[in-house]
Structure formats: C-alpha cells, structure tokens
Amino acid sequence: MNEPKPLAVITGASSGIGAVFARMLAARGYDLGLVARREDRLRQVADELGSRFHTQCTVLKADLTLASDLLAVEDFVAAAANLRLLVNNAGFGTLERFSEATVDSQDAMHRVHVMATMRLTHAALRNFGAAKEGAIINVSSVAAFVPRPGRTSYYATKAWINCFTEGLYLELKNAGSLVRVQALCPGFTITEFHDALGINRDFISQGWWMPAETVVKASLEGLGKAKLFVVPGWRYKLVVSLVRMLPRGVLHAALTKGPASLRG
Ligand SMILES: NC(=O)c1ccc[n+]([C@@H]2O[C@H](COP(=O)([O-])OP(=O)(O)OC[C@H]3O[C@@H](n4cnc5c(N)ncnc54)[C@H](OP(=O)(O)O)[C@@H]3O)[C@@H](O)[C@H]2O)c1
C-alpha cells in the first residue's frame, strides 16, 4: 500500500498568504486541511489543487473566534495521523484606537491571533508526540517588533506570536525535539487584508509591497534551514534590524510626536 502523503493544516486558507501556502504545499506533495469561515472559497482552493496535484483536501469551515469551531479544528489537528505541518495564519486588522474600539473587536482579534495559535499549536505538538518530528509556522508580522498607537492590539498580538514561538523554539531544543517552529514576519503583502479594511494600497510606494508568493517562498526556504524568525524582503530585514537597535525613548518620541499616521 502507498504511504499516505504528509498533511499540512492551514488556517486562513481561503485567501491571501494562506491560499498561497496551500498551493505551494500541494505542489510539494502535501495533502491539506483548509480552515476558514468562507467555505465556498476553501472549496475553490480544494477543487483547484485536487485537479492540479491530486491533493486530498479536508475543508474545515470554522470561525476561530468561536470556542466550539476552534475545538473542532483542534480535534482534527490532534488526531490526523499524517500531520507534519501546521500553519497558524488566520488573521485580520482593525483601524480604531484601542480605547475607542469595541471590546468585542479586540477580543475577536486576540481569539484568532493568540488563542487559536496557542490551542492549535498545543494540539499539533500532542500529535507530533513521541516522533518529535513536524513543523509549525506561526504567521506574525514585522508589526511584532514595535508598538503602534492606533493599532495597539494588532501589534501586541503579533509580538505575542513572536515571543510565544521563540519560547517554544527554546523549549523544544532543550527537550531534544526535532519539531521546527517559525515565526513568519511579513511586511506589506498583496492580499485581501487591506481590502477588508478599505485601505487603498497607494498609501505606500509600490516597492514596499510584496506578492504573497514571495512571502511563502521565503517561509518554506526558512523552514528548510530551521530558521526561527523569517522576515521576507531586504527592505524589511533592514527596517527590523534598525528598529531593534533604536533606544525605546527615540522610538516613543517618533510614535508620539512623529507623523500623524504613526501616532494613530
Ligand atoms: N497582508 C499583509 O500586509 C500582512 C502583513 C503582515 C502579516 N500579515 C498576516 O498574514 C496573515 C494572513 O493574512 P493575509 O494578508 O493573507 O490576509 P487575507 O487575504 O485577508 O487572509 C486572512 C485569512 O484569515 C482568515 N480569517 C480571518 N478571520 C478569521 C476567523 N475569525 N476565523 C477563521 N479564519 C479567519 C480569512 O478567512 P475567512 O474570511 O474566510 O474566514 C482569510 O483566509 C494574517 O495573520 C495577517 O495578520 C499580513
């Protein structure tokens, strides 16, 4: 009998970076678990990959802000016999200041970025178990490296993803585990993310925008090299290294007295 293909579960696979992960992983011989709320879009991805690569796709319609939906995905991740990769990618932005936003919108963001990432990571590690092999990619952002007034929860939840992934990386290393973990930190990427916020992409020059394919390619190359943090694109690598060197006081001055767009 043929060996089953390795399985990758991808959250937020109905568009953008998640859909590109699905396409690139299918091309590399993975079967897929596709998670998001828009079932029709997941089925389109599944049909396309079924005919192009004979990929077996399990469509998991789930709203990750709902505990019951998250639990169903967790059960799938924990039990799938051929699970080799989990991509925690689902996410969204909001535009209001924290103090002016509804608490429910901020709560929803924490559920998707933090709670779903934490619970699905735990389920995947239980699955990898004694074999201690497998990989987890947590999609963060360059936003993780700074605070940002006006986008407080987005930047804070992405900082949590980086800190969580780094802690786990060290924990797994100490335990002699072969499981690889990565925090993928893209900058501006051409997806539906900004469309959903009603933001025109002209607000920043073209050179800063990356195709989602560039981001996913960098992530998968980074995974091959067991890189913990992957920041795609030279511009963003430069920005991140400069920001990391900046004294907090200078950063705070820029974020309080700087351009209105940064002050939020
Ligand atoms: N685009 C950028 O510039 C950029 C930069 C840095 C980091 N990122 C990160 O990249 C990740 C993917 O975003 P993207 O740029 O590819 O944007 P996107 O095209 O809008 O994709 C977001 C995905 O997340 C899913 N999602 C959102 N809320 C969900 C929920 N409650 N339950 C389940 N799924 C949910 C969406 O699916 P449904 O709507 O069908 O549920 C969609 O598949 C996010 O974590 C984002 O923070 C993006």
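First listed ligand is number 1; within each ligand, the first listed atom is number 1.
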Practice item. Could you say whether the N/O atoms of Ser141 and ligand 1 ever approach to under 3.5 Å? Key: no
Practice item. Measure the distance from atom 12 (C) of ligand 1 to every protein heavy atom, then report the residue, atom name and distance (to 0.1 Å) of the closest one. Key: Asn89 OD1, 3.1 Å
Point to revise | For Asp75, side chain to side chain donor-acceptor pair (under 3.5 Å) partners two or more places apart | key: none
Exercise for review: Say whether Ala196 and ligand 1 are in contact under the criterion: heavy-atom distance to a ligand atom below 4.0 Å.
Suggested key: no
Point to revise | Contact check: Gly12 vs ligand 1, nitrogen or oxygen atoms, below 3.5 angstrom | key: yes
Study note, to complete from the structure: Tyr169 meets the side chain to side chain contact (heavy atoms under 4.5 Å, CB included) criterion, sequence neighbours left out, with Lys173, Val181, Leu228
Check your understanding: Does Tyr154, backbone or side chain, put an N or O under 3.5 Å from an N or O of ligand 1?
Key -> yes
Review point. When Asn88 is tested against each of Thr117, Thr11, Asn138, Thr165 for side chain to side chain donor-acceptor pair (under 3.5 Å), which residue passes?
Key: Asn138
**Study point:** Presence of salt bridge, Glu213 and Lys217, under 4.0 angstrom
**Key:** no
Review point. Can you check whether Val112 has an N/O within less than 3.5 Å of an N/O in ligand 1?
Key: no
Check your understanding: ligand 1 versus Ser140, non-hydrogen atoms closer than 4.0 Å: side chain, backbone, both, neither?
Key -> backbone
Check your understanding: Is the closest basic N to carboxylate O distance between Arg43 and Asp47 below 4.0 Å?
Key -> no
Review point. Which one holds for Arg41 and ligand 1: side chain close, backbone close, both close, or neither close, with close meaning a heavy atom under 4.0 Å?
Key: neither
Review point. Are Arg244 and Phe229 in a cation-pi setup, meaning NZ or CZ lies under 6.0 angstrom from the ring centre and within 45 degrees of the ring axis?
Key: yes
Check your understanding: Would you say ligand 1 has an N or O under 3.5 Å from any N or O of Pro186?
Key -> no
Exercise for review: Check each atom of ligand 1 against the heavy atoms of Gly16 and keep those under 4.0 Å away; list them by number with element.
Suggested key: 16 (O), 19 (O)
Study note, to complete from the structure: A student comparing Ser14, Ala13, Ser15 should find that the heavy atom closest to atom 38 (P) of ligand 1 comes from Ser14
